[in-house]
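As the structure is a computational prediction, the values presented were derived from the model and not from experiment. Hydrogens, waters and symmetry mates play no part in the numbers below; they use all other heavy atoms, side chains included. Just follow the structure's listing: the first ligand is 1, and inside any ligand the first atom is 1.
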Amino acid sequence: MATHTIVDLTSVRANNLSRVLNLIREAGSISRAALVRQTGLSATTVSALANDLLASGFVHESGTGRSGGGRPPILLQFDYKFRHVVGVDMGATHLTAVAMDLQGCVVARHFCHYDVIGNPQGTMATICQLAERVIAEAGLEPSRILGLGITIPAPLEGQNLDRLTTIYMPAWEGLDLLGTVQQAFAFPVYLDNDANAGAIAEKWWGVGRSFSNLAYIKLGTGVGSGLILKNEIYRGNGGTAGEIGHTTIDPDGPRCRCGNRGCMESFVGAPAVLAEVARRFDGRRPAWAPEDGLTLNAITTAALAGDPVCRSVVEEAGAYLGIAVANLVNLINPGLVVLGGDLGEAGDLLINTVQAAVLQRAMPKAAREARIVLSELGDDAVAIGAATLAIQHAFEPSNLANTLKTTERR
Ligand SMILES: [Zn+2]
């Protein structure tokens with residue numbers, strides 16, 4: 001019995017510590033009295049927790065808050081630069097790494113094209129190199145990094161959602177991405193799906209800050225969504241929630257890489273848009289196209305500059321995307337739908353088409369309530385989300401003991 005009591009007390013304390021630390025982090029600075037009000041904990045408990053946090057170095061006492069008269073309260077201030085995190089966005093054809101402080105400010109960034117799908121061993125080695133590179137470029141000591149988040153362009157599976165589904169990435173079959181990268185670093189490494197990370201990034205730092213229910217749609221080689229419901233990422237029963245790209249738009253449509261026919265992704269994914277533009281130009285290279293081949297960036301740029309073929313292809317993709325978004329709006333009634341990824345560079349051209357489809361097809365009330373906007377964080381949204389995962393995990397009750405250690409690790 002005694003052992004149970006101690007274990008229980010420890011977890012209660014870890015939970016309280018996590019709540020208080022996260023409140024201070026979100027507020028920037030806050031008084032002990034405000035923490036008492038917001039947590040319902042006693043003043044004695046908050047004071048003891050605050051002492052632990054002051055000793056950890058994450059929190060300082062500074063400044064004075066507003067006072068109702070008498071002695072002004074001393075504020076607890078979060079030090080956003082006391083530790084940093086690293087995020088790597090692993091796309092199908094690129095890697096983006098960022099080092100970030102605890103306030104979402106990117107302090108170093110590196111991007112490279114890479115054959116992630118076809119070259120898993122090289123990808124894992126490059127992820128480690130890029131992480132080391134952004135840490136060094138930002139002038140950070142590896143011992144002061146809280147963790148590394150990596151996002152993958154596929155759903156996660158396994159008991160702990162720590163393995164990637166290899167249906168779209170057969171060359172990765174049997175490989176342990178998390179274990180391999182973890183061996184290279186003393187700080188913890190975490191995995192998540194790329195669209196989930198985009199949703200988390202927009203919720204923490206971007207356009208989604210004031211929304212409790214939102215969807216982030218990543219428009220890349222594949223199309224996926226991250227769903228935030230009641231302020232938490234929604235993963236579904238087995239971790240595959242949000243696979244909006246594989247919802248059926250046309251029962252007789254082309255075969256998709258998932259095996260189904262007529263998936264939204266087979267009309268909206270980057271390969272489909274590139275193929276459609278190439279088909280309409282019938283093998284000729286348009287004047288605006290780069291010499292080494294069509295890119296999505298060149299297509300969206302040409303569309304915005306008024307090229308009629310590119311405009312029409314982007315609008316058609318937007319109309320298909322809009323059908324899927326209308327279905328999503330009917331299903332989860334989000335306050336916000338954020339479009340990110342390469343096709344998002346088409347800006348208002350894409351937004352207006354998707355908006356029109358949603359207004360035409362979704363339940364009027366849900367359609368009116370759903371704001372459809374572009375990502376505020378742009379190309380780095382997913383990498384920033386990957387880094388944010390490391391913050392989120394570091395301040396969870398189960399990881400706090402390790403996070404708050406003031407002694408240098410390894
Ligand atoms: Zn599919």
Side-chain angles (χ1 to χ4, degrees), residues 89-94 115-118 120 151-158 161 163-173 191-199 215-227 233-279 296 299 313-332 334 337-344 346 350 353-354 357-358 361-362 382:
D89 162 19
M90 174 177 135
T93 58
H94 76 268
D115 178 17
V116 167
I117 301 285
T151 60
I152 58 168
L156 289 154
E157 61 183 28
L161 293 182
R163 286 187 290 120
L164 48 93
T165 306
T166 50
I167 175 175
Y168 315 132
M169 304 167 75
W172 287 76
E173 187 70 50
L191 282 192
D192 209 330
N193 167 262
D194 55 1
N196 286 350
Y216 170 87
I217 302 182
K218 164 99 191 291
L219 301 159
T221 302
V223 179
S225 75
L227 306 176
I233 197 85
Y234 178 74
R235 298 178 186 282
N237 191 60
T240 72
E243 284 297 307
I244 193 171
H246 299 286
T247 52
T248 306
I249 295 299
D250 176 358
D252 302 317
R255 182 76 70 189
C256 175
R257 59 187 176 134
C258 74
N260 182 32
R261 275 195 181 281
C263 289
M264 182 260 271
E265 183 179 295
S266 27
F267 299 98
V268 180
V273 173
L274 288 166
E276 183 59 17
V277 171
R279 190 186 69 77
L296 210 58
I299 290 170
V313 170
V314 168
E315 282 176 342
E316 274 180 27
Y320 281 117
L321 175 61
I323 295 173
V325 174
N327 293 340
L328 179 75
V329 163
N330 277 346
L331 279 176
I332 68 164
V337 177
V338 187
L339 305 183
D342 294 340
L343 197 62
L350 183 72
T353 319
V354 172
V358 169
R361 296 173 190 279
V382 172

Give every protein N, O or S atom lying under 2.8 Å from the Zn ion (ligand 1), naming each by residue and atom. His246 ND1, Cys256 SG, Cys258 SG, Cys263 SG

Taking all non-hydrogen atoms of both residues, which atom of Val329 and which atom of Pro334 are closest, and how far apart? CA-CD, 3.7 Å

Spacing of CD1 belonging to Ile117 relative to CE belonging to Met169, to within rounding of 0.5 Å: 4.5 Å

Does a side-chain heavy-atom distance below 4.5 Å link Leu321 with Leu219? yes

Strictly by ring-ring contact (aromatic ring centres under 6.0 Å, His included), give each pair with a member in residues 237-267 just once, sequence neighbours left out. Tyr168-His246, Phe267-Tyr320

Donor-acceptor check, side chain of Thr165 to backbone of Ala154, threshold 3.5 angstrom: yes or no? no

Consider only side-chain N and O atoms of Glu315 and Thr353, and report whether a donor and an acceptor are under 3.5 Å apart. no

